[in-house]
Amino acid sequence: MPPPKKILCVAEKNSISKAVAEHLSGGHFQTGNTGNQYIKNYTFTFDFGPPWGNCQVVMTSVSGHLTAVKFDDEYERSWDNPPPEALFDAPVQVKVEDDKLPISNNIKNNARGAHALFIWTDCDREGEHIGGEVRTEALKGNPTLEIRRARFSNIERAHIIHAAKHPVNLDERQVLSVAVRIELDLRIGYAFTRHLTNSLRPLGGPLSVRPDGGRRVISFGLCQFPTLGFVVDRYFRVKNFVPEPFWSIKVTHRRDDINVVFNWKRVRLFDRAVVVILFERCIAAKTAKVIKVQEKPTSKWKPLPLTTVELQKNASRFLRMNSHEAMAAAEVLYQKGFISYPRTETDRFDPGMNLRALVEKQTQDNRWGTFAQNLVNGAFKQPRQGRHDDKAHPPIHPVAYCAPANLRDKEKRVYEFITRRFLACCSDDAKGQATDVDIQYADEVFSAHGVVVLARNYLDVYPYENWTNSVTLPKFTLDEVFEPTEAMLTEGKTSASSYLTEPDLIALMDANGIGTDATMAEHINTIKQREYVYTRPKGGGGRGNHAPAPARGAREGRGARAGRGGQGRGGGATGAGGGGGVEEFIPSTLGVALVDGYDKMGHEISLSKPFLRKEMELKMKDICEGRLAGDVMLRESLKQYKRVFDLSKEQLNVLKASCRRYVLNNGA
DNA sequence: GCAAGGTC
């Protein structure tokens, strides 16, 4: 009998390699240290079936990307020479970063004497590229390795064992598409950042030195710039808003001690004379007639399984912490083994997952234990299935019970939210009975809406939501005629939207493909640190000392110009629940100057809008699906961005003018 | 001193 083959398995992070080792070995593995404190080597035997059979396995991991792309040294010494545009075609090298060398050595050493490398990185695009990096290092240790890849989308035991026995090949197209993205982000980001910093510094003042005395870096990146653009765009929409008066008719009727409000079907009109005429006709008619009574069951849907973006938005709304703080707390909870991986886009649970077992772990809690016990006793419902699946991680959920005393304040709040959200997902929708009553009053139609909540269900464990406007209506009968208690002509003004809050900003980034679940909070942090934006408590009227001068010709009350944001009739939904800790984003004068300057240069595609990043995303997809070659994308995108760069250089005076106007407050 | 993406 031949000796067992040796197989080296490498995952993207230690938590996955440990979980896989536990499943494949049935819990019988040995743990060895590596040169990295977070990464362990797990050794065990496993029968992969044909052709490898029973094998000696070393299971280890990397810690995200192993390598970084770097410019040659001569491009790192100075920001002027060679000039920034040289970075568009300067030579680059892929290097293992110094702090990753122990990880690389661990892989090389264990590759020696191994028959095969089995890659277990996350099954998303970046994971595929990390798998490619692992392969490169392993082959340095042993050029004859057979290379296979596990395809898995969760770490359930049966799923992992199936993945181990049905390996596939690395997807070269995905690997390549990420390599292209990395190189483009590097060349473009560095070239623009150096050029911006070099050319604005001579203007002096805050463009040269930071308030803390450090030298100013004016950075540019394809994610941070559109993020700034969202903030500036909303800022001008608010500043340039011109309120418009409107008029409406409100009918109320008192019956059975309930004041019923009937809302006008036309909602409101912007012409007073017309509303007055319609209102007078109602008064003249004296009586109204019930033309529709409809009762029907209704429900308020339970929330979707939790993604990172949702966690971040809700943290700001309900937990009084920003996305950065929420992710830090989630990271701790994950490290301690209380919650699943906190960076995920998936809002559907794999049907094979044993959710009941996870619910059962929560029955001991004195806040939601009874609710969980109810689910265990039969009220359990399979969660809704969202439309997103990153094929790498399940939705965020509690994996072990944690008593509140064991956590710091922020971690406690995040754990509570994640757990309540999970239990809500495993519960039933709230059920109610809706009543709609329409009346005709002269020629106008008005309607009243009522809801009686019959079963709160998930709302009992999820205090972050309520069923608002759940009012009971008194009895109305079809064709009945009555004299309304009161009819009023009301007057109002459209109001401006508020400044962007963090949930708004994250929602915009998410919808426009700016950043990933793991990086959105970082981009927001970056534009704060660069002093392009600052935050303040929502509704705190005081202006920060960075507030820019109002846009020329758009000063409130001075002219009818609505500005580029449009009129936003009725105001924007900010969704900022109870105020409290919600912060709003205001651009600094520098942030406004950058966006204003670039927008006025006349670029074909605006740099402060998300289009360019979206285009990159689409081209990466083309590469993955075989419609576009990687080297073609790289070459053409570089050409395109070089043109943008050349135009920016040519039009530098436009940007400088914006900086003088907004930042230095002089000149036109 | 500079990007965006992984992860601790």
Exercise for review: Ignoring the backbone of A/Arg343, work out which of B/dT7, B/dA3, B/dG1 is nearest its side chain.
Suggested key: B/dT7
Exercise for review: Check whether any side-chain N or O of A/Arg187 sits under 4.0 Å from OP1 or OP2 of B/dA4, and answer yes or no.
Suggested key: no
Check your understanding: Under 4.0 angstrom, heavy atoms only, what part of the nucleic acid is A/Arg613 near: base, sugar-phosphate, or nothing?
Key -> sugar-phosphate
Point to revise | Sugar-phosphate, base or nothing in reach of A/Tyr341, heavy atoms under 4.0 Å | key: sugar-phosphate
Review point. If pairs are Watson-Crick or G-U with both distances under 3.5 Å, what is the dot-bracket string of DNA chain B, marking crossing pairs with [ ] and pairs to another strand with |?
Key: ........
Review point. For B/dG5, does OP1 or OP2 lie under 4.0 Å from any side-chain N or O of A/Thr516?
Key: no
Review point. With distance as the sole criterion, do the side chain of A/Glu76 and the base of B/dC2 form a donor-acceptor contact below 3.5 Å?
Key: yes
Exercise for review: May I ask you to say what A/Arg215 touches in the nucleic acid, namely base, sugar-phosphate or nothing, with a heavy-atom cut-off under 4.0 Å?
Suggested key: base
Practice item. Answer with yes or no whether the side chains of A/Ser61 and A/Asn14 bring together a donor and an acceptor at under 3.5 Å. Key: no
**Study point:** Geometric class of the A/Phe645/A/Phe88 ring pair [parallel <30°, tilted 30-60°, perpendicular >60°]
**Key:** perpendicular
Practice item. Assess the side chains of A/Ser63 and A/Asn36: does a donor N or O sit below 3.5 Å from an acceptor N or O? Key: no
**Study point:** Test: A/Lys40 cationic atom under 6.0 Å from A/Phe29 six-membered ring centre, within 45° of axis
**Key:** no
Exercise for review: Remember a base hit wins even if backbone is also touched, and classify A/Ser63 as base, sugar-phosphate or nothing at under 4.0 Å, heavy atoms.
Suggested key: base
Review point. Within the structure shown, what part of the strands sits under 4.0 Å from A/Arg201 by heavy-atom distance: base, sugar-phosphate, or nothing?
Key: base
Practice item. Going by the side-chain contact (heavy atoms from CB on, under 4.5 Å) test, name the single residue among A/Glu522, A/Glu502, A/Lys313 that passes it with A/Ser323. Key: A/Glu502
Exercise for review: Please determine, for the side chain of A/His523, which listed nucleotide (B/dG5, B/dG6, B/dC8) has the closest atom?
Suggested key: B/dG5
Review point. Within the structure shown, what part of the strands sits under 4.0 Å from A/Ile182 by heavy-atom distance: base, sugar-phosphate, or nothing?
Key: base
Practice item. Classify the nucleic acid contact of A/Phe225 as base, sugar-phosphate or nothing, counting any heavy atom under 4.0 Å across all strands shown. Key: nothing
Practice item. Just compare B/dA4, B/dT7, B/dG6 and give me whichever is closest to any side-chain atom of A/Gln224. Key: B/dA4
Practice item. Classify the nucleic acid contact of A/Phe220 as base, sugar-phosphate or nothing, counting any heavy atom under 4.0 Å across all strands shown. Key: sugar-phosphate
Review point. Checking all strands, does A/Gln37 fall into the base, sugar-phosphate, or nothing category for heavy-atom contacts under 4.0 angstrom?
Key: nothing
Check your understanding: Contact class for A/Gly515 vs. all strands (heavy atom < 4.0 Å): base, sugar-phosphate, or nothing?
Key -> sugar-phosphate
Check your understanding: Counting side-chain heavy atoms from CB outward, which of B/dG5, B/dC2, B/dG6 is closest to A/Ile130?
Key -> B/dG6
Practice item. Output yes when at least one side-chain N/O atom of A/Tyr190 is less than 4.0 Å from OP1 or OP2 of B/dA4, else no. Key: no
Check your understanding: Hey, does the side chain of A/Ser219 come within less than 4.0 Å of B/dA3's phosphate (OP1/OP2), counting only N and O?
Key -> yes
Exercise for review: Could you check A/Glu617, A/Glu126, A/Glu615 and say which one makes a salt bridge (Lys or Arg N to Asp or Glu O under 4.0 Å) with A/Arg181?
Suggested key: A/Glu126
